[in-house]
Amino acid sequence: MKFHLVHIKMAILSVAMIFYTCSTSSTNGLHPLILIPGSGGNQLEARLTAEYKSTSFWCNRWYPLKKDPDGWFRIWFDSFVLLRPFTKCFSKRMMTYYDPDEDDYHNAPGVETRVPHFGSTEGLLYLDPSLKHITSYMEPLVRSLEEIGYISGKNLFGAPYDFRYALAAEGHPSKVGSKFLSDLKNLIESASSSNGDKPVILLSHSLGGLFALRLLNQSPTSWRRKYIKHFITLSAPWGGTVDEMLTFASGNTLGVPLVDPLMVREEQRSSASNLWLLPSPKVFNRTKPLVITPNRSYSSSDIAKFLQDIGFPEGVHPYKTRVLPLVESLPAPQVPVTCVFGSGVKTPETLFYKDFEKRPDVVFGDGDGTVNMISLLALESAWSGRKGQLLKVIKLPGVSHISVLKDKTSLGKITGEVSSINSESSRSLVHWF
Ligand SMILES: *[C@@H]1O[C@H](CO)[C@@H](O)[C@H](O)[C@H]1NC(C)=O
Ligand SMILES: *[C@@H]1O[C@H](CO)[C@@H](O)[C@H](O)[C@H]1NC(C)=O
């Protein structure tokens with residue numbers, strides 16, 4: 001009898017082992033992958049409290065049309081706000097404020113916000129799930145990753161965040177941004193541990209790359225070795241963009257034709273992450289004029305003066321203390337990095353203003369349509385000749401800042417890179433055994 005029991009136990013054990021092997025091979029032994037979206041690239045929810053003062057009757061009565069029982073509604077993105085009467089109140093609710101006493105940013109009074117679906121890809125597939133087609137964001141990328149064997153929730157994760165906020169130079173608090181980095185760190189650890197302790201591939205778009213690089217650089221070497229397989233960045237604006245100066249001076253509708261740019265300018269100016277993306281003197285030539293007016297010109301070393309002159313003096317102090325010292329360094333994280341970005345797309349390089357309230361004349365240069373080439377290439381120049389830092393650059397001619405997430409050639413290159421990173425590790429596994 002005893003003998004038989006042992007046999008049965010062993011049989012159960014081997015069945016269990018077969019199942020175990022099957023279930024790991026059903027995720028193909030891929031390295032878990034975490035997507036980190038760019039600015040505006042994931043949904044945000046808001047709730048109005050008693051402290052909230054509405055700007056108009058219409059706004060209060062009609063926006064939002066739908067709330068959940070606890071009062072939460074999707075503030076980013078709801079296409080309803082493209083209707084003129086609601087754009088203004090949307091923009092007021094999206095405002096953030098810098099508090100000089102706390103030396104940190106906070107929401108508009110009476111507006112609570114939260115990021116839905118942290119950990120999942122759900123919040124970054126579409127910005128407005130009721131208008132999937134026109135607000136699709138990372139959906140084509142996620143589908144392409146699924147085609148090479150990734151499964152959402154199993155080895156494919158998303159790290160959405162409140163993109164209005166930023167990180168700050170050392171010694172300055174950035175409550176919201178720092179909380180995101182610690183959530184991202186926990187997500188990396190749990191993605192690894194639920195996938196047989198395999199290190200993780202980070203795949204960021206735009207601003208997401210700047211957050212991820214900071215997380216890597218503030219983590220101990222041993223942590224990076226254990227948890228990070230590879231860092232792939234798409235369209236990352238390492239040194240900011242000239243386009244951001246246009247946003248600060250005269251507002252940016254992000255290509256939405258119905259919106260008056262001056263109506264959203266105040267909100268765009270208030271965002272700490274926009275301040276982070278102004279052209280950095282570390283990357284842009286310090287003497288080359290980026291903005292030219294009849295009075296003077298502004299290079300990357302005159303950004304504080306530029307903020308003053310466009311009528312945004314509130315931005316000067318946080319820019320000088322929180323942003324400038326932060327962007328002065330682009331340290332190498334000592335994990336393999338691949339930068340993927342478009343090139344050869346007309347990108348604003350010099351802005352000619354007669355009046356900051358009006359649209360400028362624009363001279364274009366090379367880039368991805370939003371980010372200037374010098375900024376896309378900044379890691380290559382900052383890290384050249386650095387020992388132990390692997391950096392691969394993939395340029396995609398004619399691919400824009402956003403189409404890098406949608407274009408067929410681009411998706412092929414990205415999944416090709418992900419596959420080769422994965423097969424690299426199985427080769428080395430074979431080698432070890
Ligand atoms: C920087 O810009 C100035 C003025 O446009 C130019 O004379 C100089 O050659 C540039 N320096 C580099 C390194 O490109
Ligand atoms: C140029 O200077 C004049 C006089 O100070 C000022 O009124 C005007 O707004 C300035 N224009 C620009 C584009 O800076």
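Read the numbers this way: they start at 1 and go in the same order the structure lists the ligands and their atoms.
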Any protein heavy atom at under 4.0 Å, with atom 11 (N) of ligand 2 as the reference point?
yes
Considering only protein heavy atoms, determine whether one is less than 4.0 Å from atom 4 (C) of ligand 2.
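No, there is none.
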For Thr287, atoms of ligand 1 separated by under 4.0 Å from a heavy atom:
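What qualifies from ligand 1 is 1 (C), 2 (O), 3 (C), 4 (C).
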Need the ligand 1 atom indices (1-based, order shown) with element for anything under 4.0 Å from a heavy-atom of Lys288.
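This gives 2 (O), 5 (O) as the contact atoms.
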Between [X] and [Y], is any pair of side-chain heavy atoms under 4.5 Å apart?
| X | Y | value |
| --- | --- | --- |
| Phe163 | Asn42 | yes |
| Lys175 | Tyr165 | no |
| Val242 | Thr350 | no |

If we ignore hydrogens and angles and just use 3.5 Å, is the side chain of Arg164 paired with the main-chain N or O of Ser273 as donor and acceptor?
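No.
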Do Thr293 and Asn295 get their side chains close enough for a donor-acceptor pair, meaning under 3.5 Å?
no
Heavy-atom nearest option to atom 8 (C) of ligand 2, drawn from Ile310, Val291, Asn295, Ile292
Asn295
What residue and atom, counting heavy atoms only, is the protein's closest point to atom 6 (C) of ligand 1, and at what distance?
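It is Asn285 ND2, 4.1 Å.
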Are the aromatic rings of Trp276 and Phe211 close, with centres under 6.0 Å apart?
yes
Numbered in order shown, the ligand 2 atoms found under 4.0 Å of a heavy atom of Lys354 are 13 (C)
